[in-house]
Amino acid sequence: MDINLPDVKAEVEAAFARYETALVTNDVGVLDDLFWVSPLTIRYGAGENLYGYDEIMAFRAGRSSKNLDRTLHRTVITTYGRDMATAMTLFERDGSRTGRQSQTWMRTPDGWKVVAAHVSVIAG
């Protein structure tokens with residue numbers, strides 16, 4: 001298996017950057033577009049466990065748009081072949097809260113989509 005093919009890695013990095021911009025600007029349409037439309041898609045959040053695209057979309061629609069700015073640290077994107085990738089990052093909000101985010105991305109006929117995600121805040 002080819003790891004981190006330059007062209008594939010660039011595609012996933014662009015999708016990840018698009019996700020990050022949409023997240024901090026609360027662009028719900030783009031966020032919805034970047035998740036795989038499937039009941040198999042999962043997102044574990046800081047306070048929610050979402051199973052399936054519909055639950056994720058409903059969560060996004062009701063989420064507050066305040067205090068979404070964050071700074072990323074130690075982002076690692078790894079591609080596996082031409083169709084799968086992971087994106088892992090640490091983030092900081094409000095200068096004091098640190099969290100972590102992991103995403104599994106899959107190439108689909110409609111482009112790169114998040115098929116699984118996990119977000120948590122590090123206690124301390």
Side-chain angles (χ1 to χ4, degrees):
M1 175 176 289
D2 294 314
I3 305 297
N4 287 338
L5 292 165
D7 61 323
V8 178
K9 188 165 182 185
E11 291 173 6
V12 178
E13 288 171 340
F16 180 83
R18 184 174 176 231
Y19 175 91
E20 186 62 23
T21 298
L23 182 71
V24 300
T25 61
N26 202 39
D27 189 334
V28 175
V30 170
L31 292 169
D32 288 347
D33 181 56
L34 288 172
F35 274 76
W36 184 37
V37 180
S38 171
L40 301 175
T41 304
I42 295 174
R43 181 186 177 278
Y44 292 148
E48 63 282 342
N49 299 314
L50 307 171
Y51 291 86
Y53 178 82
D54 292 342
E55 287 185 17
I56 296 166
M57 193 171 66
F59 167 78
R60 291 263 187 242
R63 186 177 77 143
S64 171
S65 62
K66 296 182 182 188
N67 299 319
L68 297 177
D69 288 335
R70 65 189 196 165
T71 303
L72 301 185
H73 303 281
R74 303 193 71 181
T75 302
V76 177
I77 294 174
T78 307
T79 65
Y80 307 91
R82 302 199 72 78
D83 300 321
M84 295 296 296
T86 57
M88 310 293 176
T89 194
L90 297 176
F91 63 87
E92 188 176 328
R93 281 208 168 106
D94 305 327
S96 62
R97 294 185 321 160
T98 300
R100 56 193 156 210
Q101 171 184 297
S102 63
Q103 298 170 326
T104 303
W105 290 79
M106 177 178 72
R107 183 191 303 274
T108 73
D110 297 319
W112 285 97
K113 305 294 180 180
V114 175
V115 297
H118 180 261
V119 178
S120 60
V121 175
I122 300 170

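Just so we're clear, the structure is a prediction, and the values are computed from it rather than from any experiment. Scope of the values below: all heavy atoms of this structure, side chains included, with no hydrogens, waters or symmetry mates.
Atom OG1 of Thr21 sits about 9.5 Å away from atom CG of Asp27, to the nearest 0.5 Å. For the atom pair CD (Gln103) and OG1 (Thr89), the distance works out to 9.0 Å, reported to the nearest 0.5 Å. Atom-to-atom distance recorded for Thr98:OG1 and His73:NE2 is 7.0 Å, nearest 0.5 angstrom.
Residues passing the side chain to side chain contact (heavy atoms under 4.5 Å, CB included) test with Ser38 are Trp36, Leu40, Thr41, sequence neighbours excluded. Judged as a ring-ring contact (aromatic ring centres under 6.0 Å, His included), and not counting sequence neighbours, Tyr80 has no contacts. Qualifying side chain to side chain donor-acceptor pair (under 3.5 Å) partners for Thr104, counting only residues two or more places apart in sequence or in other chains: none. Shown here are the side chain to side chain donor-acceptor pair (under 3.5 Å) partners of Asp83, two or more places apart in sequence or in another chain: Arg107. For the side chain to side chain donor-acceptor pair (under 3.5 Å) test, residues two or more places apart in sequence or in another chain that qualify with Arg43 are Glu48. Taking Arg82 as the reference, Asp7 meet the salt bridge (Lys or Arg N to Asp or Glu O under 4.0 Å) condition, with sequence neighbours excluded. Listed by chain and number, the residues in a side chain to side chain contact (heavy atoms under 4.5 Å, CB included) with Met88 are Thr86, Ser102 (sequence neighbours excluded).
With hydrogens and angles disregarded, no donor-acceptor distance shorter than 3.5 Å links the side chain of Asp2 to the backbone of Gly81.
By the 4.5 Å heavy-atom criterion applied to side chains, Met1 and Met84 are not counted as neighbours.
Residue pairs meeting the salt bridge (Lys or Arg N to Asp or Glu O under 4.0 Å) criterion with at least one member in residues 96-106, sequence neighbours excluded, are Asp94-Arg97. Note on residues 31-40: pairs passing salt bridge (Lys or Arg N to Asp or Glu O under 4.0 Å), not counting sequence neighbours, are Arg18-Asp33, Asp33-Lys113.
With a 4.5 Å cut-off between side-chain heavy atoms of Ile, Leu, Val, Met, Phe, Trp and Tyr, the cluster of Val28 takes in none. With side-chain heavy atoms closer than 4.5 Å counting as contact, directly or through intermediates, Val76 stands alone and belongs to no larger hydrophobic cluster. When hydrophobic side chains of Ile, Leu, Val, Met, Phe, Trp and Tyr are connected at separations under 4.5 Å, Leu23 ends up clustered with Leu5, Val8, Val12, Phe16, Tyr19, Val30, Leu31, Leu34, Phe35, Val37, Leu50, Tyr53, Ile56, Met57, Phe59, Leu72, Ile77, Phe91, Trp105, Trp112, Val114, Val119.
The two atoms that bring Tyr44 and Ile42 nearest to each other are CE2-CG2, 3.7 Å, heavy atoms only.
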